[in-house]
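The residues of the chain are indexed from 1 along the displayed sequence. For the numbers below, each heavy atom of this structure counts, side chains included, while hydrogens, waters and symmetry mates do not.
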Amino acid sequence: MSIATPNLGAQASKTGDERSVGLPFILTYGLASVGFFTAVMTPVAMTLAIRVNTLDPVSKGASLGTILGLGALFALLANPIFGQLSDRTRSRFGRRKPWLVAGVVVGSLAQMVMAYTSSLIVIGIAWCVIQTAYNAMLAALVATVPDQVPEHQRGLVSALAGMSIYIALLIGSGILALTGTASNAMFLIPTAIGLISVLVFVLVIEDCPLTDAPKQAAPGLAELLGSFWVNPVKHPDFGYAWLSRFLVFFGFAVLTSYQVYYLMDHLKIAEADIGDIMFISTLITAICVVGSSFVSGSMSDRIGRRKAFVLVAALTYALGIVVIVFAKDLTMFYSGIAVTSIGFGVYMAVDQALVVDILPDRETHAARNLGVLNIANAVPQSIAPAVAPFLLAIGNAGGQNYGVLYAAAAISAFLGALAIAPVRGVR
């Protein structure tokens with residue numbers, strides 16, 4: 001595989017604008033998204049916290065924060081860099097397929113290492129490899145949407161990607177409930193689901209090869225550093241969308257990363273019951289996300305509007321976090337989860353379509369610029385674990401002030417809603 005100028009990107013995009021994608025693409029893209037998030041979000045939300053608690057029960061919060069934070073840093077670096085490389089790749093297999101296969105295979109091998117080690121250091125190293133490999137794969141996966149999906153279908157396809165996060169969490173919690181918290185299967189089964197689903201997508205999609213593109217040297221350091229930047233002055237709509245995504249995902253990172261410890265420390269749920277509680281929580285989540293994503297994505301396509309959906313969704317998500325802040329029992333906790341899920345389902349369904357609609361240089365740099373957007377997903381995953389111990393310690397010597405922690409998440413999501421208002425490129 002060599003590197004080339006993507007001079008066929010415009011042709012691929014043009015083809016996508018002229019004709020609709022078929023059911024095989026839509027279904028396998030949805031399955032690949034679910035598989036990817038099952039493999040990566042199950043550890044983030046559940047199994048890493050459980051394993052760290054087993055290995056380091058005294059300093060579990062700090063240890064988990066360090067591992068997740070370092071992994072998020074590697075994700076931040078990997079997504080735009082490999083996105084740029086994917087845009088420029090010349091291969092008889094296409095621009096996206098080589099990175100899809102390499103990313104999911106390397107990530108799966110690193111997951112196996114993490115499953116069988118009892119060293120926190122090895123877990124940390126493996127998690128960094130996992131985040132690097134999976135984000136290389138993710139950069140290619142999301143780029144298939146601007147490559148091939150026309151505008152009138154982007155809401156539906158983006159809805160599949162949005163709801164896949166919570167469907168994946170439901171699958172992960174179901175696996176955890178079946179395997180228990182002491183089995184390596186809680187790592188291995190989600191890994192297998194991710195590997196198989198992405199490989200099926202690779203077999204189904206058509207990926208235009210760039211075999212006739214002129215050869216060009218691999219990008220230098222300056223060009224790679226440019227992978228992390230889209231000028232917000234030149235492209236203000238993209239800048240506002242990036243800021244909105246960053247703020248909303250900070251709330252999401254706090255809610256998912258510390259949910260297990262919130263249940264154990266705040267609601268006093270026994271570790272043995274965590275699997276069942278998480279399954280019920282994610283079942284509620286999946287139902288709400290699937291319903292709200294399908295409805296909002298289809299409505300957004302039909303009426304041709306994005307901003308109002310994104311604004312209301314982020315506000316709803318913030319409201320759900322507030323409910324969780326004041327939860328005194330599981331019933332109120334589940335109610336808060338339902339509200340956040342409705343908001344997040346609408347947000348992810350429509351926000352991704354909004355971003356693709358305003359994406360700069362869509363024909364030639366789709367994967368790179370979507371990689372820049374994904375920095376807004378990755379950075380909060382690094383910041384949240386670093387900031388969380390300080391927020392948890394406010395007014396609480398035991399470091400368990402989840403009210404302050406989740407209040408900060410709600411405020412962040414609310415500001416994320418406000419940030420989308422100035423976007424002018426879409427209605």
Heavy atoms, side chains only, cut-off 4.5 Å: are [X] and [Y] in contact?
| X | Y | value |
| --- | --- | --- |
| Ile175 | Ile193 | yes |
| Val312 | Val346 | no |
| Phe390 | Val404 | no |

Taking side chain to side chain donor-acceptor pair (under 3.5 Å) as the definition, give me every residue that meets it alongside Ser281, ordered by chain and number, with sequence neighbours left out. Gln259
When rounded to the nearest 0.5 angstrom, what is the spacing between CD1 in Ile284 and OG1 in Thr340?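 Separation between the atoms: 10.0 Å.
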Run the ring-ring contact (aromatic ring centres under 6.0 Å, His included) test against Tyr406 and tell me which residues pass, sequence neighbours left out. Tyr262
Ring pair (Phe, Tyr, Trp, His ring centres under 6.0 Å) between Phe201 and Phe25: does it pass, once the steps are laid out? CA-CA 8 Å; Phe201 180 65; Phe25 177 94; 5.8 Å; yes
Quick check on Tyr240: does its OH atom have over 12 non-hydrogen neighbours (other residues, nucleotides or ligands) under 6.0 Å away? no
Evaluate side-chain contact (heavy atoms from CB on, under 4.5 Å) for Tyr134 paired with Gln111, printing each intermediate quantity in order. CA-CA 11 Å; Tyr134 279 163; Gln111 288 262 44; 3.7 Å; yes
Any residue meeting side-chain contact (heavy atoms from CB on, under 4.5 Å) with Ile287, in chain and number order, not counting sequence neighbours: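 If we apply the side-chain contact (heavy atoms from CB on, under 4.5 Å) test to Ile287, skipping adjacent residues, the hits are Leu283.
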My understanding is that only residues two or more places apart in sequence, or in another chain, count here; which of them pass side-chain contact (heavy atoms from CB on, under 4.5 Å) with Ala110?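 Listed in chain order: Val129, Ile130.
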Would you find a donor on one side and an acceptor on the other, under 3.5 Å apart, between the side chain of [X] and the backbone of [Y]?
| X | Y | result |
| --- | --- | --- |
| Ser412 | Leu247 | yes |
| Ser293 | Gly345 | yes |
| Ser63 | Lys60 | no |

Can you pull out every salt bridge (charged side-chain N to carboxylate O under 4.0 Å, His left out) where at least one residue sits in residues 239-251? Sequence neighbours excluded, please. Arg245-Asp351
Can you tell me which residue pairs pass the side chain to side chain donor-acceptor pair (under 3.5 Å) test with a partner in residues 42-54, sequence neighbours excluded?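 Passing the test, one end in residues 42-54: Arg51-Asn184, Asn53-Glu271.
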Before giving the answer on side-chain contact (heavy atoms from CB on, under 4.5 Å), spell out for Leu68 and Trp127 the whole-Å C-alpha distance, their side-chain angles and the decisive distance to 0.1 Å. CA-CA 8 Å; Leu68 291 178; Trp127 184 243; 4.0 Å; yes
Distance-only polar pair, side chains of Ser244 and Tyr347, donor-acceptor under 3.5 Å: yes
